[in-house]
Amino acid sequence: MDDKTEVLEREQLDIEILRDVNLRLPAVAPREAFPAVPLTVDARLQTRAVGQRATRPDCRMHGLGQTKYIDDIKLPGMLYARIKRAGISSARIKRIDTSGAEAMPGVMAVVIGKEIPVNSFGPTFQDQPVLAADRVFHAGDGVAAVAAVTEQIANEALERIVVEYEPLPAVFDPVEAMRDDAPKVHAPNSNIYATKVVRKGDVEKGFAESDHIFEGRFSTQMIEHVSLEPHAAIADWDATGRLTIYATIGRITLARADMARTLKLPMSRIRLIGTTVGGNFGGKNEISQEPALALLSKKTGRPVKGVFTRSEEFTSSTTRHPIIMDYKSGVTKEGRIVARQIRLVLDGGAYCSWSATTLGKACILSPGPYKIDNVLTEAFVVYTNKTMTGAMRGFGAPQVCFAYESHMDDIAKGLGKDQLEIRLLNAFDEGSSSPTGQVLHSVVVKETLNKAAARFGWESQS
Amino acid sequence: MKAFGYVAAKDVTDAVALLAEHGTGAKVLAGGTDLLADLKFAPHHPDIIVDISRLEDLKDIEVADDGLHIGALVTHSEIMRSPVIRDMFPALVEAAYTIGAVQTRNLGTLGGNLVTCVPSMDSGPTLIALEAEVVIAGPGGERRIQLGELFAGPRKTSLKTGELLTDIIIPKANLNKPAAFEKFGLRKGQALALVNAAAAFFVDNGNFKAPRIALGAVAPIVIRAPEAEAYLEGRKITKDAMAEAGRIAATEAEPISDFRASADYRRDLITVLVKRCLANSHTRATTKAKELVL
Amino acid sequence: MTDVTLTVNGQTRSASVPPETTLLVLLREHLNLTGAKLGCDVGDCGACTVIVDGMAVNSCLMLAGQANGRNVTTIEGLATRDRLHPVQKAFEDTGALQCGFCGPGAIMASKALLDDNPNPSVKEIRDALSGSLCRCTGYTKMIDAVQEAASVLRNEATKQLTDART
């Protein structure tokens, strides 16, 4: 047989295998598809695309004003939903009376926390309720959702819902919340809900060997994404029991999984259409009102649209973690960093959301892009009775970057050295190891610093 | 927003009658930029909105025997474009420019800004420094008062039921009085003033004559700084005198601490802004330059 | 109910709406022109910007009744069957649109500027755009876009003059 025949046979064989294969198994790429040695991209190679003008294909519709974002979508018979927000940071819900709202003409359904089949979700810990049932953990918590024929009626219906709260102790400062005697947000669990430690070498030994020690505390504030498009979704629970959700969510499968969990519905019955989004930046990577809208749709037999107000974007959607960062560095008199010890306290808000990931990133990146033999970072994320903190572009990196760069400037000033010079002395080189032991390639920190300095005319400050 | 009624007034008399008829249940719509934003958050809502935005009588800008008349419905954009105001009172143009953004200025009116009566109003300080008067139309006819008497407190004017602000007049004696305005906000646009200030004075043989200093956002209403004014009256115009006036003015204010700034910071701002207003007024007084730099 | 008749993108449109209806809601819900967006509803973000009687305004801060008898241009009124408006084309070409949500508002604010000022300085462009918030682009491309569009419009105007003379 010649080669061609051999090839044909192999192809036929593959097809036979595919036909026999149980369709539930994932397709597996043949071993040859992956190179034995991982690809190393050389950042120094200029690609053709850089510097070229590229038109985004969706811009045509954007420029025409024809893009349909969720609030531009109208389905036949659609109702409008609004959510009543607790307005109190920590409380027990003693009583909730929705009869006043339900009696209003034009109000088609009301849903409260107790009606959610599984009232908890979250990417790491499932500590977040769809709607608060017995406990309120932050002022932006939803306690009831209303669907009405107009948004105006839905708004007025919120005022007719009577909720009796028993205020409970609250804690707002994450450092205070770490203390044993602080009120427990999610009692009986500790307020410290995740920790991460990165240890390399021996910082105490490093400090002992240093000529100078510098310390500083840096803190960042809570920041809201403020995507121009607010959180929005349309839920349509049809007569066959299948749920279609139009949502601005960036993680469709995770959202379907969370919807399946909270609604006790098989994932196969949930179709989530991720629409053109008007800005995400990390704030639209998880469900929020969708299960409540779904239940409203189920109750009414009609599609239900919910759009957050701009205020709700601040009170009831995820934000960037404020972090309190304590830095201690031991340096030689030339300015070489010998040891760096860091403590990070992340304000973790009322629910975990993407905090564990943020914690990880912040912790790993906290020493900065510098060659340091001795590193100890201890990072904690702590519950407080404030707006939930979650993913926001940077995911923990911007905060620590502010800290380690400010700290570097302090060190330079303290030693009477130029800020650029001290960075060039310490920055990563090709093949350097990160604090977690990752060997780094395509490292161009020093070249970039020098090029930038030349371009903006940096003059040595020492 | 909650439901309310709407009627477009045909003229000032009609507007006054409608306001008198509906009393506290009526709100006046001029530009709407403050009113609608307020209604969207307010727990209360009016029974009826009386739309006066089309009353052309209230849109005139003209110099009459008693002074410069600016109709209550003149928008901030119209102030910025008016050749008369640009020539005589660049400070009013400067102040209008700091309000919101172009969209706000296209609809927002001078009268509306004054009657909304927030302590940080940007149109207030310059007019107070220029000793402006206002004309109020009401069921009993017209009355004319000092602008300062219009302000009763934050978001509270001395207007009685059925009354409407129709005209703002800068008195003849103050026409062409050099004046300047400064505002400090957390951003250059779309920002409330942490502090705003205005100053106006004549130059008399190198001395301050009839100096007037007004401060906003540092008391329940826009205030004058009479002690600073008294200090300057008749004094030789120097940088030091201006700085001292700024320091005195800061003691005459009652700024609050809030999430935007502390009281101390606001006091510091007063000293700087008053000094700058005095310096800019002086420049206007002594140079022929009519270039308006915004 | 408030009866309003106004000209929208060159066409006479009428509606009978509750008095508390804003111009934004009139356009989006009653006239099916969803280009203007609701970003904040209080005139801070500019996503609702339309042109009324030649002026850029926040349609969320205008009552429908206020717009009665007036001339309104929305984003939908810019392009013709033959071509995009130069401002739309420039926004597209320079990359001034990413998620696009602020786009209609920023484009209308830019058009209002250029209708009034055919050769704006960078400062004047920034002023005109200061009422349009954008979280994606950082505004630099929008400034480029407005300059490009201004240049195209000036050339067209010159060409029209030249054609008229010959």
Side-chain angles (χ1 to χ4, degrees), chain B residues 1-9 26-42 45-56 73 75-78 80-81 96-109 112 116 185 187-192 293-294, chain C residues 1-4 16-25 36 38 40-70 105-106 108-110 112-113 116-117 120-121 123-133 139:
Chain B
M1 282 185 284
K2 293 196 179 160
F4 48 72
Y6 169 91
V7 61
K27 286 265 181 195
V28 175
L29 174 67
T33 55
D34 269 320
L35 177 69
L36 262 65
D38 189 43
L39 289 178
K40 285 170 190 187
F41 282 111
H45 65 289
D47 298 329
I48 189 163
I49 300 280
V50 177
D51 181 0
I52 63 167
S53 62
R54 279 170 236 272
L55 300 184
E56 291 300 312
L73 288 182
T75 67
H76 305 298
S77 289
E78 284 163 352
M80 285 171 68
R81 282 198 296 266
Y97 174 62
T98 68
I99 295 174
V102 68
Q103 292 94 324
T104 332
R105 297 194 286 269
N106 281 337
L107 286 179
T109 63
T116 301
R187 286 191 301 274
K188 285 187 203 164
Q190 295 273 55
L192 290 179
V293 179
L294 286 176
Chain C
M1 297 297 255
T2 303
D3 293 326
V4 288
S16 192
V17 295
E20 64 274 14
T21 309
T22 58
L23 174 60
L24 179 65
V25 170
L38 198 149
C40 71
D41 213 21
V42 286
D44 277 340
C45 74
C48 67
T49 303
V50 297
I51 298 177
V52 176
D53 288 347
M55 307 180 295
V57 302
N58 293 317
S59 58
C60 72
L61 289 185
M62 250 186 125
L63 287 180
Q66 261 175 292
N68 188 34
R70 293 180 148 199
M108 297 316 287
S110 304
L113 169 71
D116 210 35
N117 181 350
S121 64
K123 183 172 195 301
E124 287 166 329
I125 297 172
R126 286 170 166 271
D127 277 351
L129 287 175
S130 66
S132 298
L133 298 185
Y139 307 100

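Letters go in sequence order (proteins before strands), and every chain restarts at 1.
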C:Thr49-B:Gln103 side chain donor-acceptor pair, cut-off 3.5 Å:
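A pair is found: one side chain offers a donor N or O, the other an acceptor, under 3.5 Å apart.
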
B:Asp51-C:Gln66 side chain donor-acceptor pair, cut-off 3.5 Å:
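The answer is no; no qualifying pair exists.
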
In Å, rounded to the nearest 0.5 Å, how long is the span from [atom1] of [X] to [atom2] of [Y]?
X: B:Leu107; Y: B:Thr75; atom1: CG; atom2: OG1; result: 8.0 Å
X: C:Arg70; Y: C:Ile51; atom1: CZ; atom2: CD1; result: 14.0 Å
X: C:Cys40; Y: C:Leu61; atom1: SG; atom2: CG; result: 7.5 Å

[X] portion near chain C, given a 4.5 angstrom heavy-atom threshold:
X: B:Arg187; value: neither
X: B:Ala191; value: neither
X: B:Ala8; value: neither
X: B:Leu35; value: neither

Determine the option with the most heavy-atom pairs under 4.5 angstrom with chain C, choosing from B:His45, B:Lys2, B:Arg105.
B:Lys2

Which one, B:Val7, B:Leu39, B:Val102, B:Leu36, leads in non-hydrogen pairs under 4.5 Å with chain C?
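That would be B:Leu36.
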
For C:Thr22, is it the side chain, the backbone, both, or neither that has a heavy atom closer than 4.5 Å to a heavy atom of chain B?
side chain

